[in-house]
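Keep in mind that this is a model prediction, so the values were computed, not measured. Numbering of ligands and ligand atoms starts at 1, following listing order.
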Amino acid sequence: MRLRPGRRHMLQAVLLMLWTSGLLWLVAHHWLVRPGDYGPQPSPLEPWCLRAHGLAALGTTGFIGLLWAVHIEPGWALRRRRWSGGLVFASALLLIASGYLLYYVGDEATRATLSLAHWSLGLAALPLFLLHRVAPRRRRRR
Ligand code: HEM
Ligand code: HEM
């Protein structure tokens, strides 16, 4: 159930790309808008962040499938780190669902709410993941 170092490093690299691209998009979207001849111009960084984010999101979704088989089910059966692991897993499912909807929801107001929910949970997912990663081992019963 413990991840092989190669897999663990790959997973962490993909998660770092996912989180950083989302954060950079937020920075670009809110603070790097420039005035133009026809009104405020979005930063050219924005589409690049979304391209990177989409790639990392696909990688993460694939990893969740692998983790289900080699990590999540075995870890759950052993009753170890259930709380922190369950929270990370639930966040991943909600992020996948809201990310999917972000592609197809057309109504502006609904999309804005969905976007806020998606990235707030996304930002919170990093501390949750770190908490899970370093959660203390449970003492064995005698
Ligand atoms: C209910 C779901 C989960 C359970 C029960 C669970 C359980 C565990 C346990 C018991 C460990 C400690 C491994 C050991 O020291 O032997 C661990 C570590 C870890 N978990 Fe999870 N986990 C879950 C979900 C997840 C998810 C969704 C991710 C990633 C998105 C993840 C990533 C990691 C990583 C990176 C480590 C540290 C590296 C390692 O020890 O292999 N886990 N998990
Ligand atoms: C498994 C996890 C995740 C998946 C599957 C996912 C998927 C997606 C998808 C499909 C989009 C729409 C892209 C587009 O419109 O071109 C999106 C947008 C976004 N995501 Fe994620 N994402 C995940 C995690 C995260 C995390 C951890 C963050 C952290 C900050 C984040 C922040 C954002 C932001 C800021 C946007 C742009 C919102 C908007 O267009 O209004 N996402 N995500």
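Closest protein heavy atom to atom 35 (C) of ligand 2: W25 CE3, 3.4 Å. Summary of contacts: the protein heavy atom closest to atom 30 (C) of ligand 2 is L123 CD2, 3.6 Å.
On a distance-only criterion, Y100 and ligand 2 share no N/O pair closer than 3.5 Å. Annotation: R82 places no N or O atom under 3.5 Å from an N or O atom of ligand 1; distance criterion only. Looking at R111 next to ligand 2, an N or O pair under 3.5 Å apart turns up. When only interatomic distances are considered, the shortest N/O to N/O separation between R8 and ligand 1 does not fall below 3.5 Å. Considering backbone and side-chain N/O atoms, L11 never comes within less than 3.5 Å of an N/O atom of ligand 1.
Atoms of ligand 1 lying under 4.0 Å from at least one heavy atom of G86, given by number and element, are 1 (C), 2 (C). Remark: ligand 2 atoms within the under-4.0 Å shell around heavy atoms of Y103 are 10 (C), 13 (C), 14 (C), 16 (O). Near I96, with a cut-off below 4.0 Å to any heavy atom, the atoms of ligand 2 are 1 (C), 5 (C). Interface atoms of ligand 1 facing L67, defined by a heavy-atom separation under 4.0 Å, are 28 (C), 29 (C), 30 (C). In the vicinity of W76, heavy-atom distances shorter than 4.0 Å reach the ligand 1 atoms 1 (C), 5 (C). Close approach to S115 involves these atoms of ligand 2, each under 4.0 Å from a residue heavy atom: 38 (C), 39 (C), 41 (O). Shown in contact with T60 at under 4.0 Å from a heavy atom are these atoms of ligand 2, numbered in order with element: 1 (C).
Rounding to the nearest 0.5 Å places CG of L131 at 8.5 Å from CG of L87. Taking CH2 from W68 and CD from E73, the interatomic distance works out to 5.0 Å, rounded to the nearest 0.5 Å. The structure places CE of M10 at 11.5 Å from CG of L15, a figure rounded to the nearest 0.5 Å. Atom OG in S98 sits 6.5 Å away from atom CG in L121 (nearest 0.5 Å). To the nearest 0.5 Å, atom CZ of residue R51 and atom CG of residue L55 are 12.0 Å apart.
Clustering ILVMFWY residues whenever any of their side-chain heavy atoms sit less than 4.5 angstrom apart, transitively, puts V134 in a cluster other than the one holding L128. Under the 4.5 Å side-chain contact rule for hydrophobic residues, L50 and L16 do not share a cluster.
Atom 21 (Fe) of ligand 2 has H53 NE2, H118 NE2 as protein N, O or S atoms under 2.8 Å away.
Contact analysis puts F129 in contact with ligand 1, with a non-hydrogen atom separation below 4.0 angstrom.
With atom 12 (C) of ligand 1 as the reference point, the heavy atom nearest to it among R7, R2, R81 is part of R81. In this structure, of L128, V88, L3, the residue bringing a heavy atom nearest to atom 26 (C) of ligand 1 is V88. For the residues H71, E73, R79, the heavy atom positioned nearest atom 17 (C) of ligand 1 is part of H71.
Listed here is the closest heavy atom pair of P40 and V33: CB-CG1, 3.5 Å.
Not less than 6.0 angstrom separates the ring centroid of W19 from the ring centroid of F129.
When atom types are taken as modelled, the side chain of H9 and the backbone of P5 share a donor-acceptor pair closer than 3.5 angstrom.
Two residues are said to be in side-chain contact when any heavy atoms from C-beta on lie closer than 4.5 Å; C49 and H53 fail this criterion. Annotation: side chain of L95 is in contact with side chain of H118 (closest heavy-atom distance under 4.5 Å). In this structure, the side chains of P74 and R80 stay at 4.5 Å or more apart for every pair of heavy atoms. Between Q12 and R133, the closest side-chain pair of non-hydrogen atoms falls below 4.5 Å.
With sequence neighbours left out, the side chain to side chain donor-acceptor pair (under 3.5 Å) criterion links T110 to D107.
Residue L26 touches ligand 2 through its side chain alone, judged by heavy-atom distances below 4.0 Å.
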